[in-house]
Number of protein chains: 2
Amino acid sequence: MKTILILGAGLSSNSLIHFLEKEAAERGVQKDGRESWQIVLGDRDKELAESKAGRDTRIFACNIDQPGPIEREVSRASLVISMLPARFHPRVAELCLRHGVSLFTASYESDEIKKLDDEAREKGVLLLNEMGLDPGLDHMSAMQIIERIRAEGHELTGFESFTGGLVAPESDDNPWHYKFTWNPTNVVLAGWPGPARFIQCGKMKYIPYNRLFRRIEYMDIEGFGRFEGYANRDSLKYITKYSLEGIPTIYRGTLRRPGFSKAWDIFVQLGATDNSYIMENSEELTHREFINSFLYYHPRDSVEVKLYRAFHIDQDSPVIEMLEWLGIFSDEKVGLQNATPAQILESILVKKWTLKPDDKDMVVMWHKFNYTDCMTGQEKILTSSMGVTGEDRTHTAMAKTVGLPLGMASRLYLDGKLPLAGAYIPTVREIYDPVLEELKSYGITFREQEQA
Amino acid sequence: MKTILILGAGLSSNSLIHFLEKEAAERGVQKDGRESWQIVLGDRDKELAESKAGRDTRIFACNIDQPGPIEREVSRASLVISMLPARFHPRVAELCLRHGVSLFTASYESDEIKKLDDEAREKGVLLLNEMGLDPGLDHMSAMQIIERIRAEGHELTGFESFTGGLVAPESDDNPWHYKFTWNPTNVVLAGWPGPARFIQCGKMKYIPYNRLFRRIEYMDIEGFGRFEGYANRDSLKYITKYSLEGIPTIYRGTLRRPGFSKAWDIFVQLGATDNSYIMENSEELTHREFINSFLYYHPRDSVEVKLYRAFHIDQDSPVIEMLEWLGIFSDEKVGLQNATPAQILESILVKKWTLKPDDKDMVVMWHKFNYTDCMTGQEKILTSSMGVTGEDRTHTAMAKTVGLPLGMASRLYLDGKLPLAGAYIPTVREIYDPVLEELKSYGITFREQEQA
């Protein structure tokens with residue numbers, strides 16, 4: 001029998017738990033020669049874990065600051081999957097190495113984890129990180145095509161990749177066409193304080209934060225409509241991840257519905273996304289006073305008039321409806337002590353951008369590959385895109401696209417089909433080929449389009 | 001005999017050394033009962049110190065990392081004036097306290113210095129900081145008027161204060177009407193990364209860095225013409241410095257000639273003043289490539305066209321002449337290894353904005369006081385302004401306005417006319433009354449104007 005230890009029972013663990021429990025149940029019943037599984041779920045909040053777990057899953061209370069119980073569970077496990085905040089992963093990895101147990105996460109591979117590569121190799125332990133959506137599915141879907149283009153002998157001259165987590169059209173009831181489907185703090189601080197870096201036609205390019213939401217690209221994803229994308233922080237690190245040394249163009253970004261970035265830029269220009277200082281008297285501020293503190297003083301002009309004048313927003317601009325819909329001009333209290341502008345803005349946004357119980361979210365991904373055809377010398381463009389819609393606020397597309405790849409990789413590993421040791425991300429064929437294939441049966445399919 | 005120890009023989013020490021040496025010479029000759037003075041000048045660069053010093057001044061090589069020789073000199077001194085970089089002041093202050101010697105500087109009073117207040121009081125040592133131009137002359141000239149308005153029983157409702165170091169009109173040969181007369185790094189990083197904070201009509205206001213150079217005020221200074229001012233980092237700390245608790249408006253800023261801020265804002269918007277990251281391959285970049293790395297890629301458009309288009313700069317805008325005059329589009333190499341954008345921009349600017357040997361600089365200061373007349377209830381406005389022109393690149397207005405207040409305070413102290421102990425800045429009448437009075441004889445005069 002194999003024991004799978006899942007640490008963390010938060011929102012993003014839902015689909016992972018569901019996938020693994022279903023598999024465990026089948027194995028328990030069918031007795032078809034597959035090894036049976038015991039799932040153990042640990043969370044600081046034992047009640048939360050209980051509410052998420054099926055009958056056969058064992059629950060334990062885990063507190064990262066008291067590693068005793070965690071170590072006991074790790075020592076008995078065949079595989080550990082950590083869904084804890086990324087900063088805890090190095091400590092979990094240490095326990096795993098001590099007991100020769102492999103560790104999977106959906107978080108970025110940190111430098112601390114990278115340093116454990118040698119030790120993991122020696123001990124036959126697989127430290128597989130970036131095994132979720134972004135990072136995760138983006139790597140797998142891109143690498144499969146990059147390797148195919150290379151295998152055919154063509155020369156890759158450009159790679160662009162965009163991912164977005166948004167609200168699905170059927171649940172879209174606001175002029176931003178956006179709701180939080182992921183950590184709101186990361187959304188508010190996206191790109192701050194900058195710059196974004198990328199390479200275009202061989203030139204290093206830097207976009208300062210204050211221009212980030214004004215330099216956007218548009219793309220259509222069949223079946224999902226039109227999107228806009230703004231640059232992510234650092235596209236350069238994907239050069240080594242994907243072995244793209246010398247590639248003339250590399251650009252990664254985030255997808256939103258058209259119009260989002262232009263309106264969001266108003267918050268950037270105001271300084272309302274700054275997370276570097278505490279505002280005076282923040283608990284007493286109203287939404288309206290919060291916005292007013294970034295605007296010039298005027299004895300009579302309203303906050304609205306001052307804002308629209310300061311940023312040259314026309315009376316008929318859609319930005320006006322977007323800002324007013326958010327309630328930023330209301331006299332409601334912020335009610336946060338010692339808060340930064342970004343924290344206050346987040347607290348205003350969550351009042352509006354939160355999924356209702358039946359709301360469906362949506363995940364979209366879009367890649368573009370430029371390459372020179374080795375036979376004809378022609379410049380070609382290939383795009384590959386994917387969209388998934390969630391079921392409701394609990395079974396989100398976000399949780400699905402994070403949890404399924406992790407769950408599938410876990411099964412591959414436990415069935416002896418991932419004979420790897422060391423620190424990995426899913427840019428290797430042994431992982432991406434079977435996982436991408438299986439994801440299709442869940443409707444997570446990439447659609448390719450070739451342009452001349 | 002009194003010994004005055006000056007540490008640091010850099011550009012800003014010129015007038016101070018000159019003032020003290022002249023005084024020492026008079027005392028040596030006149031034998032009029034005044035105590036004679038011995039001046040000792042220490043610098044890391046002994047040759048530099050020798051070139052600055054008169055015959056009777058003793059030179060010594062001082063290295064802050066080898067405090068032995070410095071301590072020996074401090075122990076023999078009646079007063080120490082430190083013109084070293086501000087980060088060294090706490091170490092010098094410690095030596096001074098150990099030997100019971102007072103210390104004067106033109107730098108901001110740091111928290112470390114403030115903590116020495118009690119010890120200084122006990123030992124009868126005066127730690128006088130902020131005794132130069134800004135900080136220094138600004139405090140003195142403002143406090144004298146603030147105290148007068150209070151003494152007359154009026155209620156102060158607003159205080160604004162602006163200072164600028166620029167090039168004098170007779171040496172102004174560039175469309176920015178600006179040259180460096182002070183540490184260029186501080187000029188390039190002015191306000192970065194923000195925000196600026198101040199209070200206006202009882203409202204806390206924050207200006208993010210990316211709006212700083214677009215929210216300016218204009219003012220005229222008689223005899224010196226028209227200026228514009230942008231906000232300094234933190235006006236709030238002057239509330240306690242000047243005992244202005246509860247004042248509805250307080251705003252401090254920096255003066256430039258009209259048009260400067262709008263053009264400088266292009267560098268801010270580009271991200272060219274960012275000091276938070278190293279640019280790739282910075283030593284190989286040309287000025288033109290440096291600017292281009294912040295602009296969108298285009299296969300044919302020139303860097304100029306892209307810049308003007310990105311920032312909606314009209315063909316006939318004065319900003320174009322200003323940017324082109326700086327040589328930012330030239331193919332000259334930057335030649336700086338591992339440099340930040342701000343360091344590269346500074347290196348481009350010093351090629352153009354450096355004073356020629358005969359160039360004259362200019363220092364201007366402008367205060368505005370709003371108050372309610374206690375007799376009539378009328379709202380009144382009083383402005384006070386000052387301008388000084390330098391002689392040449394060595395005898396600058398900047399060195400004069402930094403060095404003379406320090407020199408005059410030193411004489412007051414050594415003649416027993418400053419019976420203070422502890423950490424001080426010149427907001428006390430014992431200092432500002434005599435120093436402002438004597439500055440008049442050097443042409444440093446404030447002109448007041450009352451508006452109804």
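Chain B forms the most heavy-atom pairs under 4.5 Å with one residue out of R197(A), M279(A), E289(A), and that residue is M279(A). Contact tally against chain B (heavy-atom pairs below 4.5 Å) for M204(A), Q269(A), K203(A), R214(A): the top residue is Q269(A). No other option in N292(A), T249(A), V268(A) has as many heavy-atom pairs under 4.5 Å with chain B as N292(A). Per-residue counts of heavy-atom pairs under 4.5 Å with chain A were compared for L270(B), I207(B), D274(B); the largest is that of L270(B). Between chain B and the options S293(A), C201(A), G271(A), G194(A), the largest number of non-hydrogen pairs under 4.5 Å is found for S293(A).
For chain A, the nearby parts of A310(B) are the backbone and the side chain; heavy atoms of each come within less than 4.5 Å. Proximity to chain B (any heavy atom under 4.5 Å) is shown, for Y296(A), by both the backbone and the side chain. Of the two parts of N281(B), neither the backbone nor the side chain holds a non-hydrogen atom closer than 4.5 Å to a non-hydrogen atom of chain A.
Counting all heavy atoms, side chain and backbone alike, F294(B) lies closest to R215(A) at O-NH1, 2.8 Å.
When the shell of 6.0 Å around NZ of K241(A) is examined, it contains more than 12 heavy atoms from other residues, nucleotides or ligands. The number of heavy atoms from other shown groups lying within 6.0 Å of CD (E112(A)) does not exceed 12. Heavy atoms of other residues, nucleotides or ligands lying less than 6.0 angstrom from NZ of K306(A) number more than 12.
The OH atom of Y206(A) lies 10.0 Å from the CZ atom of F290(B); values are rounded to the nearest 0.5 Å.
Looking at E280(A) and L236(B), their side chains come closer than 4.5 Å, going by heavy atoms from C-beta outward.
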